[in-house]
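In what follows, a single structure is set out as structure tokens and then discussed.
Lettering of chains follows the sequences in order, A, B, ..., and the numbering in each one begins at 1. As the structure is a prediction and not an experimental result, all values here were calculated from the model.
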Amino acid sequence: MTTPAVTRFAPSPTGSVHLGNARTALFSYLWARKTGGRFILRIEDTDVERSQRRFRDELIGELEWLRLAWDEGPDVGGPAGPYVQSERGEIYAALFDRLERQGDAYPCYCRPEELEIARKLQRMAGRPPRYPGTCRGLSGAGRRERAASGLRPTLRFAVPSDRLVEFGDLVHGLQRLQTNDIGDFIIRREDGTASFFFCNAVDDALMGVTHVLRGDDHLANTPRQLLVLDALGLRRPDYGHVGLLVGADGAPLSKRHGSTSVQEFRQRGFLGAALLNHLYRLGHTGDLDRWLELAEMPGHFRPEHLGKAPARFDEAQLVHWQKETIARLSPADVGAWLGAGDDPRVAELLRHNVVLPQDAAPWLAVLRGELPPLDAEGRRIVAEAGPGFFAAAGAALGESGADLPRLAKLVAARTGRRGAALYMPLRLALTGRTHGPELAPLLALLGADAARRRLDQYAQDP
RNA sequence: GCUCCCUUCGUCUAGAGGCCUAGGACACGGCCCUCUCAAGGCUGUAACACCGGUUCGAAUCCGGUAGGGAGCGCCA
């Protein structure tokens, strides 16, 4: 029923992948998968100053970690390549040329400092800071003169006046904007590279992208891109502007909110599927509340349920999906994730008591024989049980071995204790804590000898 | 400053004029289960930003107010 959608994720390799970016990547991916279309990865590295190869590698690594596989892009190629903008210079050059010949673009010789001053002046006068059009009316002679004096021009798009730009936004509905509210903007920098408004829009069209999902912050800029596309006779994609991702205080996600990059969450030990499940529900509602495998998300993804309001990233909810994910991990994967060694029994023992790998440390220490000192409640329980209890337990252990049900039965018979009165002192002696993983597998893992030594410690009078 | 966008429980959201004494999920509280924690089951607290209008009837439509955000860059 739906036609295949071609979507894309177009990050710039100027930093780490942000949660907000990851979310739009997810939505774009899901849309393509839902409709049987294609998902494209395009690297927007036209800013030579800030783009770095290591960010590009990192970004690709994070997407792979999240398992958001692209059908076209760097490394895998595709019919509309190259998928790295710094390699598309010739394509852009031809288009710049055409725009200039058509009179839709003109060279601008204004210096950045001059423009800065002009903007300040406009602001002070209560006017919007827009390019005043200084170079727009320059004659051929004027241009030659400036070029001869060594000035290298930028290329500006000549925004037509008195026109209404209209487009139907997938999430916001019909949008209209007066071209008079838009100043002539730069489409080619002084160094010859293409600027965002230009190459982002042009590449979407050239790569056959049908649906662009991006943050709300681009909504007001979309008319500019539409103008470029129209001037070039290129097909407009449909745009959907999703509400931004914000922190707990409602302000845009930033460093002061703690982790904001995918990498940071990954390093802390959050699982990809957990992040995906949380992101999937931020500014979007599927038809199901339960944890979803990435593979089943496309079937439940509902583009019409993409939200306009900003969504807050809430770590408590991430933690919930993390627990759900851990519960579904294979024993081998739990072990690898915990870094708890090769014994699958350890992973099984701890999986329900741990949210992040670091939470396993105290229990691994207990297994190694490093017990924490008892707290007040622990001391109370141990004292209440008395040395005789632990002596009996130690003796019973000699008969039962590291078999908790047998041990418990023997101790119960000899001390008359049952339930918590029986198990809590045992737990305390064995682990030093009142809370923790199931005692039976823990005892089995500990072994009879180690357990015996711990019980004996409490068998003497204090 | 100008233009644009947004506003339902603490959080994510359902809701497209009567189905809403506003539903679900997370978080929080209680009970059950249980040696503890977690999980699970049951259950409770908790929201239509505000003011006007349209209508027999508004969370839903219209206008305004307030608050938040974005854009106006040789950043993307």
Each nucleotide of nucleotides 63-71 of chain B classed B (base within 4.0 Å of a protein heavy atom), S (only sugar-phosphate) or -, in 5' to 3' order, makes ------SSS
In the 5'-to-3' direction, what one-character label does each nucleotide of nucleotides 26-31 of chain B receive under the scheme B = base within less than 4.0 Å of a protein heavy atom, S = sugar-phosphate only, - = no such atom?
S-----
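At a threshold of 4.0 angstrom between heavy atoms, the contacts of A/Cys110 include nucleobase atoms, whether or not backbone atoms are also involved. Contacts of A/Asp47 with the nucleic acid, taken as non-hydrogen atoms under 4.0 Å apart, involve only primed sugar atoms and P, OP1 or OP2. Base contact: A/Arg427 has a heavy atom under 4.0 Å from a base atom. A/Leu177 comes within 4.0 angstrom of the backbone, heavy atoms only, and of no base. Within 4.0 Å (heavy atoms only), A/Gly283 reaches sugar-phosphate atoms of the nucleic acid but no base atom. If you check every strand for non-hydrogen atoms under 4.0 Å, A/Gly436 touches a base. Residue contacts shown for A/Glu116 are absent, as no nucleic acid heavy atom lies under 4.0 Å away. Residue contacts shown for A/Leu282 are limited to sugar-phosphate atoms, with no base heavy atom under 4.0 Å away.
Between the P atom of B/C4 and the CD atom of A/Gln225 lies a distance of 19 Å, rounded to the nearest Å. Following rounding to the nearest Å, A/Leu407 (CG) and B/C35 (C1') show an atom-to-atom distance of 13 Å.
Judged by Watson-Crick or G-U wobble contacts below 3.5 Å, the nucleotide B/G52 has B/C62 as its partner. Of the nucleotides present, B/A25 is the one that pairs with B/U11 by Watson-Crick or G-U wobble criteria, both distances under 3.5 Å. Nucleotide B/G67 is matched to B/C6 when pairs are restricted to Watson-Crick or G-U wobble geometry with both distances under 3.5 angstrom.
Ring geometry for A/Phe197 against A/Phe185 counts as perpendicular: the plane angle is over 60°, on a 0 to 90° scale with 30° as the lower cut.
Figure legend: A/Arg156 and A/Tyr131 shown as a cation-pi pair, the cationic atom lying under 6.0 angstrom from the six-membered ring centre and within 45 degrees of its axis. Taking the centre and axis of the six-membered ring of A/Trp337, the NZ or CZ atom of A/Arg351 falls outside the cone set by 45° and 6.0 Å.
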Give every pair of a protein N or O atom and an N or O atom of nucleotides 41-51 of chain B that lie under 3.5 Å apart, one pair per line with the distance.
none

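You'll find that the side chain of A/Leu115 is closest to B/C74, out of B/A14, B/C12, B/C74. For A/Thr154, taking side-chain heavy atoms from C-beta onward, the closest of the listed nucleotides B/G1, B/C35, B/C74 is B/C74. When distances run from any side-chain atom of A/Pro112 to the nucleotides B/C74, B/C4, B/G1, the shortest one goes to B/C74.
Side-chain contact between A/Phe96 and A/Phe198: present, with at least one pair of heavy atoms (C-beta onward) separated by less than 4.5 Å. Looking at A/Pro223 and A/Leu177, their side chains come closer than 4.5 Å, going by heavy atoms from C-beta outward.
Dashed line: the shortest gap from a side-chain N or O of A/His278 to OP1 or OP2 of B/A25 is not under 4.0 Å. In this structure, A/Thr46 reaches the B/A76 phosphate: one of its side-chain N or O atoms is under 4.0 Å from OP1 or OP2. Dashed line: the shortest gap from a side-chain N or O of A/Thr285 to OP1 or OP2 of B/A14 is under 4.0 Å.
Under the ring pair (Phe, Tyr, Trp, His ring centres under 6.0 Å) criterion, A/His172 pairs with no residue, sequence neighbours left out. Residues satisfying the ring pair (Phe, Tyr, Trp, His ring centres under 6.0 Å) test with A/Phe301, not counting sequence neighbours, are A/Phe27, A/His284. Under the rule for a side-chain hydrogen bond (donor to acceptor under 3.5 Å, both in side chains), the partners of A/Arg42 that lie at least two apart in sequence or sit in another chain are A/Glu44, A/Asp204.
Taking atom C1' in both B/A38 and B/G71, one finds a spacing of 47 Å when rounded to whole Å. Separating the P atom of B/G68 from that of B/U8 is a span of 15 Å, rounded to the nearest Å. If you take atom P in B/C62 and the same atom in B/U55, they sit 16 Å apart, rounded to whole Å.
Toward the 5' end of RNA chain B, the nearer of the two residues A/His435 and A/His172, judged by each one's closest nucleotide, is A/His172.
Between the A/Arg143 side chain and the A/Tyr106 main chain, no donor and acceptor come within less than 3.5 Å of each other.
A/Gln85 and A/Asp203 share a donor-acceptor pair across their side chains, judged by distance under 3.5 Å alone.
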